[in-house]
Student: 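The following block contains the structure, expressed as structure tokens.
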Amino acid sequence: MAWALLLILATIWGTSFILMKKGLVVFSAMELGATRVSVAALLLLPFALRHVGTVERSRFKWLALSGVVGTLIPAFLFAYAETKLASGLAGVLNALTVVFTLLVGALLFGQRLTGLRVLGITLGLVGTVVMLLLGGSGGTDTPTGEGNAWYGIYILVATIGYGLSVNVIKHRLGGMTPMAVTAVLLLLIGGPALAYLLVGTGFLHKLATVPGAWAAFGYIALLATMSTAVAMVLFNRLIQQSTALFASSSTYLIPIVALAWGALDGEAFNLWHFLGMLIILAGVLIIHRAR
């Protein structure tokens with residue numbers, strides 16, 4: 001069951017990067033991030049209302065923390081990164097989640113940090129430098145028509161948030177069902193996201209007046225449904241059934257799916273990108289096999 005969940009998650013999340021790219025054709029990164037979180041929260045609202053009364057009061061701060069650093073902020077950071085970074089490269093950099101899951105676990109949750117794991121962390125970061133500094137942004141086939149490899153830093157920050165969120169769910173929210181964790185977490189962050197979307201952005205105006213806006217919204221809605229709402233439930237279940245590191249190992253397969261979609265959309269991927277990806281995945285492999 002754990003391996004089946006892993007494969008399903010890799011497919012869903014690997015597809016999310018091309019969906020973000022399609023949504024950014026019309027909407028800004030801030031609009032996309034807010035829409036993604038809002039739609040996911042609305043989808044799971046009935047489940048949130050069912051479970052919120054059963055949650056221990058002491059756990060709300062951990063749910064809020066996980067929601068903010070593991071869902072809300074990354075939704076904006078990934079969207080902003082993809083305005084000037086190829087979607088396939090964004091999917092590869094997502095593999096850093098494993099690196100920061102281990103690093104955060106060691107720094108804050110007492111996880112053992114061996115020499116081999118330090119090597120794996122180092123390789124992950126070296127691979128990132130190779131990809132971005134030598135490989136570049138993946139060309140100008142981005143929603144803005146411009147490429148900037150430094151936008152990969154936004155993804156690096158987002159994966160730090162993912163690493164913290166995974167550890168919080170594993171070590172502070174044990175015993176809660178995956179649906180309860182996901183639905184209540186989204187309830188806590190969905191309200192502010194929806195308020196910002198409706199009041200602080202031009203989302204509604206674009207939806208009513210810009211050609212292609214409904215198609216772009218459809219991509220974002222699919223992203224919110226599958227990659228945020230459904231995938232989060234599956235991921236939280238996987239965390240509870242296995243270890244935090246195993247749960248984050250879907251990042252082995254996510255780059256393959258993301259790169260395949262990017263290639264179909266005409267994105268550039270050069271030898272340096274390939275070398276950087278191999279170095280990152282070698283680091284992830286070492287982390288998983290180290291004891």
Side-chain angles (χ1 to χ4, degrees), residues 11-49 67-88 90-91 94 137-138 140-148 151 154-155 158 161 182-233 257-258 261-262 264-267:
T11 302
I12 293 174
W13 276 333
T15 305
S16 66
F17 303 98
I18 194 68
L19 293 176
M20 280 186 269
K21 179 180 178 180
K22 298 299 183 183
L24 286 167
V25 171
V26 173
F27 297 103
S28 70
M30 299 300 287
E31 290 165 347
L32 188 151
T35 303
R36 178 179 182 177
V37 174
S38 300
V39 171
L42 290 171
L43 285 171
L44 295 186
L45 182 59
F47 301 97
L49 296 177
V68 170
V69 304
T71 301
L72 184 64
I73 294 176
F76 293 104
L77 290 176
F78 267 94
Y80 196 54
E82 283 202 35
T83 59
K84 295 187 179 181
L85 193 72
S87 66
N94 186 70
S137 64
T140 57
D141 189 24
T142 60
T144 61
E146 300 176 353
N148 188 335
Y151 274 56
Y154 294 109
I155 294 179
T182 306
V184 177
L185 178 157
L186 284 170
L187 177 67
L188 295 176
I189 63 174
L194 182 60
Y196 169 72
L197 179 67
L198 298 179
V199 178
T201 74
F203 170 77
L204 292 178
H205 176 72
K206 286 183 178 179
L207 201 60
T209 61
V210 176
W214 278 101
F217 173 70
Y219 288 119
I220 301 173
L222 181 59
L223 173 72
T225 302
M226 298 305 298
S227 299
T228 303
V230 174
M232 281 180 63
V233 174
V257 179
W261 281 114
L264 289 173
D265 205 47
E267 292 181 1

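If you're wondering where the values come from, they're calculated on a predicted model, not measured in any experiment.
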Student: Name all residues meeting the salt bridge (Lys or Arg N to Asp or Glu O under 4.0 Å) criterion together with Glu82; count only those two or more places apart in sequence or in a different chain, and write none if there are none.
Tutor: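 By the salt bridge (Lys or Arg N to Asp or Glu O under 4.0 Å) rule, Glu82 matches no residue at all.
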Student: Is Asn94 close to Phe17 at the side-chain level, that is, under 4.5 Å between some pair of heavy atoms?
Tutor: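 Yes. Closest side-chain heavy atoms under 4.5 Å.
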Student: Taking all heavy atoms of Ser227 and all of Ala231, pick out the closest pair and write down the distance.
Tutor: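 It is O-CB, 3.4 Å.
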Student: For Ser87 versus Gly262, what's the shortest heavy-atom pair and its separation?
Tutor: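 Heavy atoms of Ser87 and Gly262 come nearest at OG-CA, 4.1 Å.
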Student: Just so I know, are the side chains of Ile155 and Leu85 near enough to count as touching, which here means a heavy-atom distance under 4.5 Å?
Tutor: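 Yes - at least one pair of side-chain heavy atoms lies under 4.5 Å apart.
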Student: Side-chain contact, heavy-atom cut-off 4.5 Å: Lys84 with Ser137?
Tutor: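 No, every pair of side-chain atoms sits at 4.5 Å or beyond.
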Student: For Pro143 versus Lys21, what's the shortest heavy-atom pair and its separation?
Tutor: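 Answer, listing the atom of Pro143 first, then Lys21: CG-O, 3.6 Å.
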Student: Using 30° and 60° as the class limits, which term best fits the ring planes of Tyr80 and Tyr151: parallel, tilted or perpendicular?
Tutor: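 Rings of Tyr80 and Tyr151: tilted, 30 to 60°.
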Student: Can you say whether the rings of Tyr196 and Phe76 are parallel (under 30°), tilted (30 to 60°) or perpendicular (over 60°)?
Tutor: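 Rings of Tyr196 and Phe76: perpendicular, over 60°.
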Student: I need the Phe78 CZ to Thr83 OG1 distance, nearest 0.5 Å.
Tutor: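 The distance works out to 13.5 Å.
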Student: Between Lys206 and Val26, which heavy-atom pair has the shortest distance, and what is it?
Tutor: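 That would be NZ-O, 3.4 Å.
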Student: CE of Met226 to OG1 of Thr11: how many Å apart, nearest 0.5 Å?
Tutor: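 Those atoms lie 10.0 Å apart.
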Student: Show the nearest heavy-atom pair for residues Leu186 and Ala41, with the distance to one decimal.
Tutor: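 Minimum heavy-atom contact is O-CB, 3.5 Å.
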Student: Working to the nearest 0.5 Å, report the span between CG of Leu187 and CG of Leu49.
Tutor: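 One finds 6.5 Å between CG of Leu187 and CG of Leu49.
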Student: Under 3.5 Å, which donor-acceptor pairs do the side chains of residues 217-224 form with other protein atoms, sequence neighbours left out?
Tutor:
none

Student: How long is the span from the CG atom in Leu32 to the CZ atom in Phe203, to the nearest 0.5 Å?
Tutor: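 If we round to the nearest 0.5 Å, Leu32:CG and Phe203:CZ are 10.0 Å apart.
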Student: Can you name the nearest heavy-atom pair linking Ala79 to Leu24, along with the distance?
Tutor: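 Closest heavy-atom pair between Ala79 and Leu24: O-CD1, 3.4 Å.
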